[in-house]
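Taking it in order: structure first as structure tokens, then the write-up.
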Amino acid sequence: MYKVVIGLEVHCELKTNSKNFSGSKNDYSSIPNSNIAPVDLGFPGILPVVNKEAVKKALKMAIALNCKTPDEIIFDRKNYFYPDLPKGYQITQMHKPVGVDGYVMINVDGVDKKVLIHDTHLEEDTASLDHFGTYSLIDYNRSGIPLLETVTEPCLNSAKEAIAFLEALRSMFLYCGTSEARSDKGQMRCDVNISLMDENATELGTKVEMKNINSFNNVERAIMYEIERQTEVLSSGGKVIQETRRYSDEDNCTYPMRSKVDAVDYKYFIEPNIAPVKVTDEFINEIKSEIPMLQYERINMYMDKYSLSRYDSTILVKEKEIADYFENCIKEGSDPKLAANWIISIILGHLNKLEIGINDIYVTPKMLTELIKMVSENKISSKQGKEVLYKSLSDEKEPTDIVNELGISQIADDSEIRKIVLEVIEEQPQAVQDVKNGRDRILDFLVGQVMKKTHGKANPSLASNLMKEEIEKR
Ligand code: ADP
Ligand code: MG
């Protein structure tokens with residue numbers, strides 16, 4: 001058995017109006033080559049202008065990742081030739097990234113783990129290439145879109161941990177509003193580095209790198225494949241070669257692409273066209289105040305403070321809007337466990353069915369809280385509560401109005417029900433005697449009479465308790 005060691009390099013496009021260093025639109029889903037400026041095409045004599053919003057969002061992520069932030073923002077040139085890079089260099093950060101030495105907490109199968117972040121840095125995306133039989137097309141819309149690259153230390157030890165980290169990272173982008181982080185749109189892409197080592201070894205094994213894997217599913221499959229392949233190489237006495245491999249999801253295996261021997265020297269140097277910008281404490285504090293409580297902390301809070309299970313807590317925090325909705329229910333006075341149950345068992349199903357978000361539904365946290373109260377105060381049964389909630393969602397009417405309209409509110413008032421119980425006892429002396437003689441089944445008959453007199457509106461368990469109480473007195 002070998003120990004698995006994985007380090008990830010994750011690229012994610014930041015959500016901004018314009019590109020990182022030009023005024024063209026940050027949106028490459030429109031007509032090819034329509035969102036482009038001379039800067040994005042690398043025309044001679046061009047001068048980049050730093051997008052403050054991109055820097056702010058990059059710093060926001062750095063802080064969310066518990067990284068140290070720099071005293072100034074500077075950029076570096078990474079020089080290489082490729083058709084998708086018209087300038088011949090990419091503007092990135094090497095000397096002073098927006099964040100270094102951070103960590104992210106994850107939980108895999110109930111076990112907490114601190115994933116160490118080497119650094120996170122702001123750079124620009126390249127153009128996109130589309131390859132056909134005998135020619136390729138290039139679209140510069142993507143050229144210059146702000147890209148945040150987050151690099152972990154080699155500290156992940158299984159495919160599960162790698163996926164848990166990627167999910168935690170994606171949720172951070174969503175919670176912080178810094179990216180849509182959609183891998184199906186190519187916004188989030190991942191390089192996987194993986195090596196195996198003897199369980200007792202002190203030095204890391206030779207790693208293999210797999211570039212640009214575009215879905216979490218494929219990351220998992222690529223890791224599983226490499227573990228198997230490297231295990232075979234090592235256990236047959238061979239050596240893993242340090243190289244870049246390509247993962248193909250069609251055949252679910254990896255192929256060698258290039259070996260590290262011809263690794264490029266990027267000749268990094270500080271980008272001379274961008275003056276350093278000082279990062280003030282004020283700016284950092286402003287950004288900090290905009291970071292909401294994140295997934296991991298919310299899960300722990302729901303478990304500790306509200307006694308929810310990890311399973312339910314994890315469902316509630318999947319989307320920040322749902323977590324906020326849940327917390328707003330509690331602010332309105334809902335019992336946390338009940339609110340969680342109603343949201344998970346009914347509202348989430350409704351959202352999935354209609355493919356809408358929780359903020360699109362008619363029922364507000366206040367309305368749900370009122371409904372939950374009606375059920376716990378026995379005004380309506382929980383079965384009726386469910387029907388009312390469904391109706392409220394579909395007819396866009398307040399739960400209290402529906403209860404009134406349908407006239408289904410139960411009589412849950414002791415004295416009102418007791419009055420009717422006494423009436424029934426008066427009218428049914430024989431049945432009362434039978435109950436006293438131990439014929440328990442007759443009690444149901446007497447409660448049935450109470451239900452009849454109230455047209456089914458008495459709360460049955462309350463009616464039953466009062467009936468027992470009154471008969472015992474006799
Ligand atoms: P390189 O010099 O090849 O760029 P780095 O040390 O900069 O390598 O690390 C790049 C990525 O590879 C990081 O995510 C890091 O965690 C990971 N990594 C480094 N060494 C190993 C290893 N032996 N096994 C697995 N991952 C590794
Ligand atoms: Mg490196």
Side-chain angles (χ1 to χ4, degrees), residues 1-12 61-62 65-67 76-80 82 90 92-104 106 113-123 147-170 172 188-213 216 218-220 222-231 233-234 238-247 254 256-268:
M1 279 296 280
Y2 297 100
K3 186 171 160 192
V4 177
V5 176
I6 299 165
L8 301 176
E9 296 163 278
V10 191
H11 288 94
C12 192
M61 287 305 293
L65 290 162
N66 301 296
C67 285
D76 297 271
R77 279 191 190 181
K78 178 180 179 177
N79 301 283
Y80 67 95
Y82 206 69
Q90 179 193 35
T92 179
Q93 292 186 306
M94 212 274 286
H95 291 97
K96 272 193 184 181
V98 283
V100 294
D101 293 338
Y103 67 88
V104 175
I106 58 168
K113 175 163 182 145
K114 199 174 197 172
V115 180
L116 302 177
I117 303 298
H118 178 274
D119 77 87
T120 185
H121 56 267
L122 180 58
E123 54 189 34
L147 198 63
L148 191 76
E149 177 175 355
T150 304
V151 183
T152 75
E153 296 289 352
C155 65
L156 296 155
N157 300 111
S158 67
K160 257 188 172 172
E161 286 184 4
I163 301 303
F165 168 75
L166 288 172
E167 278 169 355
L169 185 60
R170 169 181 282 162
M172 251 177 221
M188 195 168 173
R189 320 186 286 265
C190 181
D191 300 347
V192 178
N193 301 274
I194 175 167
S195 65
L196 299 186
M197 62 195 279
D198 260 336
E199 255 169 324
N200 306 321
T202 46
E203 256 174 61
L204 295 179
T206 305
K207 71 169 176 167
V208 159
E209 180 184 38
M210 294 175 282
K211 280 206 175 285
N212 262 325
I213 306 184
F216 292 3
N218 285 347
V219 167
E220 182 170 5
I223 290 174
M224 298 314 276
Y225 179 83
E226 268 306 301
I227 292 175
E228 216 170 281
R229 188 187 70 83
Q230 294 184 24
T231 302
V233 171
L234 293 175
K239 271 192 178 144
V240 173
I241 308 165
Q242 182 168 352
E243 61 183 350
T244 303
R245 296 177 74 89
R246 180 176 66 87
Y247 173 74
T254 65
M257 261 173 76
R258 58 167 190 256
S259 69
K260 241 340 191 207
V261 185
D262 48 46
V264 250
D265 176 355
Y266 294 113
K267 294 274 190 287
Y268 282 98

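The chain is numbered in sequence order, starting from 1. Whatever order the structure lists them in is the order used to number ligands and atoms, beginning at 1. Every value quoted in this text rests on a predicted model; they were computed, and no experiment measured them.
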Pro154-ligand 1 polar pair, N/O distance under 3.5 Å: yes

Below 4.0 Å, non-hydrogen atoms only: which portion of Glu153 touches ligand 1? Side chain, backbone, both or neither. backbone

Spatial distance of atom CD1 (Ile117) from atom CE (Met61) [nearest 0.5 Å]: 9.5 Å

Is Arg245 positioned over the aromatic face of Tyr225, cation under 6.0 angstrom from the ring centre and no more than 45 degrees off axis? no

pair Val240-Val208: side-chain heavy atoms closer than 4.5 Å: yes

Could you tell me which atoms of ligand 1, counted from 1 in the order shown, lie closer than 4.0 angstrom to a heavy atom of Val151? 13 (C), 14 (O)

Going from CD1 on Ile194 to NZ on Lys207, what distance comes out if it is rounded to the nearest 0.5 angstrom? 12.0 Å

The option among Thr152, Leu196, Val4 carrying the non-hydrogen atom nearest to atom 16 (O) of ligand 1 is Thr152

Near Val5, which atoms of ligand 1 are under 4.0 Å from a heavy atom of that residue? 24 (N), 25 (C)

Could you work out, for atom 20 (N) of ligand 1, the closest of Glu209, Lys207, Gln242 by heavy-atom distance? Lys207

What I want to check is whether the side chains of Glu153 and His118 have a donor and an acceptor closer together than 3.5 Å. no

If you count the atoms of ligand 1 from 1 in the order shown, which ones are under 4.0 Å from a heavy atom of Leu8? 14 (O)

Pick, from Gly205, Ser195, Cys155, the option with the minimum heavy-atom distance to atom 24 (N) of ligand 1. Ser195

CD of Glu149 to CG of Leu122: how many Å apart, nearest 0.5 Å? 11.0 Å

